[in-house]
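A short worksheet on the structure shown next.
Note that the coordinates shown come from a computational prediction; the quantities given were computed from them, not determined experimentally.
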Amino acid sequence: MQRTIQDFNFFVQQGKNYQYQRDPQTMTAFSDEGPYYAIAQQHTMLNTQGGPRRNAHAEILDTNQQVIPHLYGAGELGHVNANQYNGGGDLADCLIFGKIAGENAARPKTDQVNLDAHTSASVHSTSTPFPTSDANKTVNYSTAANQYLGESLDGIGDQIVVRVTVDEHKKIQNIEVLQ
């Protein structure tokens, strides 16, 4: 510690911090009087907080604390302690809720989910009209068996339309961005 103080005081005398390029205006030499105390510090982790709130089943909750069907989350994007600093538990959260979310997402579902008023899902439809950003134009997208269409106007930019193809077990096989 004494060497650190000597080096710092030298930088103050020189008017230049050669080690960290610190502004000399912010530096004041240490006197021989004390006592001075120091502890070694080291950056050991970086994490973020916030994101969607989820329950013990890794299901994402809406703003009314209701489950959003078939939507799961794990890790630092959302947390069981949303809006509270977790301080070191993120690794465990990633592992535990990753497992829970994966198991629940993979579990076969029997219900049909209508995500919003703009979502259309039909197993055997041949063509579904979607209005475009041009109010005078409508585009028809076709589907076959085990294909579903979804649309959202809530993203960044413009409308997005996707076609999702699933197998006989309802496992996603392909996602096409149509618009």
Side-chain angles (χ1 to χ4, degrees), residues 20 41-179:
Y20 298 110
Q41 293 185 333
Q42 179 179 342
H43 179 75
T44 58
M45 65 181 250
L46 174 66
N47 65 356
T48 57
Q49 305 304 330
R53 186 180 300 262
R54 63 179 180 259
N55 65 17
H57 304 288
E59 297 167 305
I60 301 299
L61 306 177
D62 66 17
T63 55
N64 295 317
Q65 309 308 309
Q66 300 301 309
V67 170
I68 299 173
H70 305 226
L71 186 59
Y72 303 91
E76 290 186 356
L77 180 60
H79 200 279
V80 290
N81 297 318
N83 301 320
Q84 297 174 1
Y85 189 73
N86 188 29
D90 286 322
L91 199 55
D93 183 60
C94 292
L95 295 171
I96 295 166
F97 274 92
K99 182 180 185 303
I100 293 169
E103 289 173 348
N104 286 326
R107 187 169 286 120
K109 313 293 188 287
T110 58
D111 59 329
Q112 258 322 352
V113 176
N114 185 12
L115 298 177
D116 61 40
H118 301 291
T119 301
S120 171
S122 179
V123 174
H124 298 290
S125 70
T126 56
S127 180
T128 303
F130 282 94
T132 66
S133 53
D134 178 352
N136 299 320
K137 186 177 176 186
T138 299
V139 177
N140 289 315
Y141 295 107
S142 62
T143 56
N146 294 327
Q147 289 187 326
Y148 302 86
L149 294 176
E151 175 196 30
S152 176
L153 299 171
D154 296 329
I156 297 173
D158 202 357
Q159 173 188 40
I160 185 170
V161 178
V162 296
R163 179 173 37 222
V164 179
T165 304
V166 298
D167 66 14
E168 62 277 0
H169 303 291
K170 300 296 183 192
K171 291 183 182 178
I172 295 175
Q173 298 299 304
N174 191 32
I175 299 174
E176 303 166 83
V177 178
L178 303 174
Q179 178 176 321

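When all heavy atoms of V166 and Y148 are compared, the closest pair comes out as CG2-CE1, 3.7 Å. Considering every non-hydrogen atom in both G98 and A74, the closest pair reads N-CB, 3.4 Å.
Every residue two or more places apart in sequence or in another chain that forms a side-chain contact (heavy atoms from CB on, under 4.5 Å) with I100 is listed here: A58, I96, F97, N104. Not counting sequence neighbours, D62 has no partner by the side chain to side chain donor-acceptor pair (under 3.5 Å) test. With sequence neighbours excluded, the residues that form a side-chain contact (heavy atoms from CB on, under 4.5 Å) with E176 are Q147, R163, T165, N174, L178.
By the 4.5 Å heavy-atom criterion applied to side chains, N146 and K170 are counted as neighbours.
Taken from CZ in R54 to CG in L61, the straight-line distance is 10.0 Å, to the nearest 0.5 Å.
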(request) Could you give me the CA-CA distance, side-chain angles and deciding distance for E103 and K99, then say whether salt bridge (Lys or Arg N to Asp or Glu O under 4.0 Å) is met? (result) CA-CA 6 Å; E103 289 173 348; K99 182 180 185 303; 2.4 Å; yes

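At distances below 3.5 Å, at least one donor-acceptor pair connects side-chain atoms of D167 with backbone N or O atoms of H169.
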